Amino acid sequence: MEVRIQKENKPDSFTPVFGERATELYSRFTKLSAEELETSKNETISILSNCADPKSGKPQSVTSLVVGYVQSGKTMSFTALSALASDSGYRIIIYFAGNKNNLLEQTTKRLRKDLINEGNNRKWYKLHQNPKLEDLDRIANELQMSTNPTVLITVLKQHQHIKDISDMFGTSRMKNVLKNDGVMIIDDEADQASLNGYAYKNSKSEEWEDDEYTTTYRRITELRSSLPNHSYIQYTATPQGPLLISIMDLLSPKHHTVLTPGKSYTGGKTFFKENPGLIIEIPKEETYHSKRNNLSQPPKTLITALQLHILSVAVVVQYKEDEKFLSMMVHADKEQDASEKFHNWVSNIINGWITTFNLDKNDIAFRELLSDFENTYPMAIQEYKAKNIEYPVFSDIASFIPDIIKDTNIELIISRNKKNGENKEIPWNDYSSHILVGADMLNRGFTVENLATTYMPRYTIGKSNADTIQQRCRFFGYKQKYLLSCRVFLPRDVRQEYTEYVDHEEEMRKWLKGNDSLENVEHLLLTSPSLNATRRNILTKEVVINKLNGWRKMNAFQTNSIEGNKNTVDTLFSKHEDDFKLYKKFGTDDRDHRYLKLDIDEVIQFLSDFRCQNMPDAARKQATVRYLKYLSSLENGNPLKFAYIIQMAYKSEPRKRAFDTNTERLSTYLFSGHSPSGKNVYPGDMKICFEDSICIQIHNIELSCESKKWKGKTAYTLAIYYPDDFAVNYVG
């Protein structure tokens, strides 16, 4: 099976309308300063101005990338974008609202609150969650209302729900009603689930063409194909290497925007660079792993964390009255059994404290427990003290502690617990103190309101994925009012990983802001030695043994790749015209080839520039770039310093090859075969290579077919040779 990305048509010039709907929404953003409001407006207008014109009446398709920090206000950004899009003529906005029901519910409620505004704006917006084909008439009727409302559709990022939407847009009624009016797709957390998830399974197949693609990914491409005039906006906080490379080849965003957080935002720099005292290390013996360190009793640091949480509520909520409540999050492991274990420990500790504080104040147990909190109090106020900021003495807050403990709401947030699981609505304002215990459901996209204390004893084996650990940072957000009472408990290795990630993230954002083209950013990500610690993605040995050996051919014949590839190849040839050498004289222009030994960094950039827009070839190119990056960065042995570029039939006219216009692939063999007899025996194209490095043959092809569109068109494509020794050394 081959999955193809819908080709992007260049949109007409489009100027957004900042009208009544956007103005009304921004009037309610009262927590933002005038400067922050202006920044948000400018960034929102910038995002929309690079989208398809919703009223052009022409087929258009545009993809854009929006990058923000974790917990920095991406939802507010796409809510504002929705209002501006509605003003500007977009009739339907589809939201891929995460792959868990709690995220879907969270997004739906946020849109209802911010856009529909308790029914005040129902003439402007109509909201549907996971609609099906039977909802077609209702949505079609809404699109035909005289007030021209924008239909908002929130969808679980799951293949069946996306198929339901595609089926709806594929009906004749919807086509007749919508015509070519603009549709916007907002993909929240675009680096999760949207991309192909069969990477490991595919690594074991021998041919890239045999690879499989996740149904969700395929459904998204089908939905986009059913929308003649649409913009696809990808929101993410973690556009790391695999995402950026995949985006460059497969989703092809033409524009990107880096969101500016508000002044009170606290992120990685705040916690791991500017205020390292907010981080508390969990000793190795107290880290949790279900197999390697399955704890049998609550670790001491968990008890300390619970005490600090109660004390933070006493200082911030009761004494200073800066917030109505504070929360604590316990994230032990991805396994739900671990969450249940820690939930039981937390519940037993809190219940034990309640029992003790129900005793007479003069009881020795009461006094000893209160003394324990007093002994922990210096940790609670150390950051206030270090920064010379006023703080209460313990006697000022001691009387609050028993009531805070009794007013603590403890939630187990796991999918198997339907009562307190994915559909659970947290009664944030009903309690002064919350403790949420869970893992994946408290991970990416979920907002833990007023989170102050985080306890993550998660044991890691080997180096973590940068984007994965970053998405666990629910403790980032707008916390300046109570930042000095925040605490994050982490194992030492995890703390170090986060510290490294901050440098990586800031450099990546700097590149994104400073480059109009994502291609330039991709080059920097691939070639920067400063990012090796977080970006050396070593391929599995199955990929190297099964797929990166011998000859592998590419089909770079997609319409929107051909011209760009011609420029890329011609630029390379022009730059190194005097550096080429004749491979061997075989007597005819069609069989004479020349080669160039090219510096490995330049090879990586050449492959990055060369575009492939079908899944197998893009995946092959991506893996090759990573393989070259690995081979060139070897610290022991001999790092790879060059690869061969071989220009096939460099003096000849383009070689003719039969072309299948349906698959956009050659229907005959790319390589010329060997000539067994004659004065000059030709060994065949597959023998034109070297064994001491990877070889990239560049073939200039004239497409032979009956189609007027394709017949006679010429295009460059590649064939890559991976010598056996490289695979052996890699695995060894």
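Quick caveat: nothing in here was measured; it's all calculated off a predicted structure.
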**Asked** Quick check: are there more than 12 heavy atoms from other residues, nucleotides or ligands sitting under 6.0 Å from NZ of Lys575?
**Response**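 For Lys575, atom NZ is not crowded (no more than 12 foreign heavy atoms under 6.0 Å).
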Return yes if some donor-acceptor pair links the side-chain N/O of [X] with the main-chain N/O of [Y] below 3.5 Å, else return no.
X      : Y      : answer
Ser226 : Gly170 : no
Thr717 : Met554 : yes
Arg509 : Leu259 : yes

**Asked** Any ion pair linking Lys157 and Asp188 (charged N to carboxylate O, less than 4.0 Å)?
**Response**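 No salt bridge links Asp188 with Lys157.
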**Prompt:** Are the charged groups of Arg611 and Glu563 less than 4.0 angstrom apart, N to O?
**Reply:**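 Salt bridge flag = no for Glu563 with Arg611.
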**Asked** Who are the ring pair (Phe, Tyr, Trp, His ring centres under 6.0 Å) partners of Phe690, not counting sequence neighbours?
**Response**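 Counting only residues at least two positions away or on another chain, Phe690 forms a ring pair (Phe, Tyr, Trp, His ring centres under 6.0 Å) with Tyr583, Tyr595, Tyr644.
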**Contacts of Tyr716 that satisfy ring pair (Phe, Tyr, Trp, His ring centres under 6.0 Å) - sequence neighbours left out** =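 Tyr716 satisfies ring pair (Phe, Tyr, Trp, His ring centres under 6.0 Å) with no other residue.
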**Message:** For a 4.5 angstrom cut-off between non-hydrogen side-chain atoms, does Met184 reach Tyr232?
**Reply:**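 No, their side chains stay 4.5 Å or more apart.
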**Prompt:** Are any of the side-chain heavy atoms of Asp692 and Phe642 separated by less than 4.5 Å?
**Reply:**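 The answer is yes; the side chains approach within 4.5 Å.
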**Message:** Can you tell me which residue among His674, Gln697, Arg655 is in a side chain to side chain donor-acceptor pair (under 3.5 Å) with Asp685?
**Reply:**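 Between Asp685 and the candidates, side chain to side chain donor-acceptor pair (under 3.5 Å) is satisfied uniquely by Arg655.
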**Item:** Minimum heavy-atom distance between Ser632 and Ile600, given as atom pair plus value
**Value:**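 Minimum heavy-atom contact is CB-CG2, 3.8 Å.
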**Request:** For residues Ala52 and Gln60, report the shortest heavy-atom separation together with the two atoms involved.
**Result:**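 Shortest heavy-atom separation between Ala52 and Gln60 comes out as CB-CB, 3.8 Å.
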**Asked** Just checking, any donor-acceptor pair under 3.5 angstrom between side chains of Arg224 and Ser61?
**Response**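 Checked: Arg224/Ser61 side chains pair up, N/O donor to acceptor below 3.5 Å.
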**Message:** Side chains of Arg552 and Thr624 only: does a donor on one sit below 3.5 Å from an acceptor on the other?
**Reply:**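 Note: Arg552 and Thr624 side chains miss the donor-acceptor criterion.
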Should the pair [X] and [Y] be assigned to parallel (<30°), tilted (30 to 60°) or perpendicular (>60°) ring geometry?
X      : Y      : result
Tyr682 : Phe586 : perpendicular
Phe671 : Tyr669 : perpendicular
Tyr95  : Phe78  : tilted

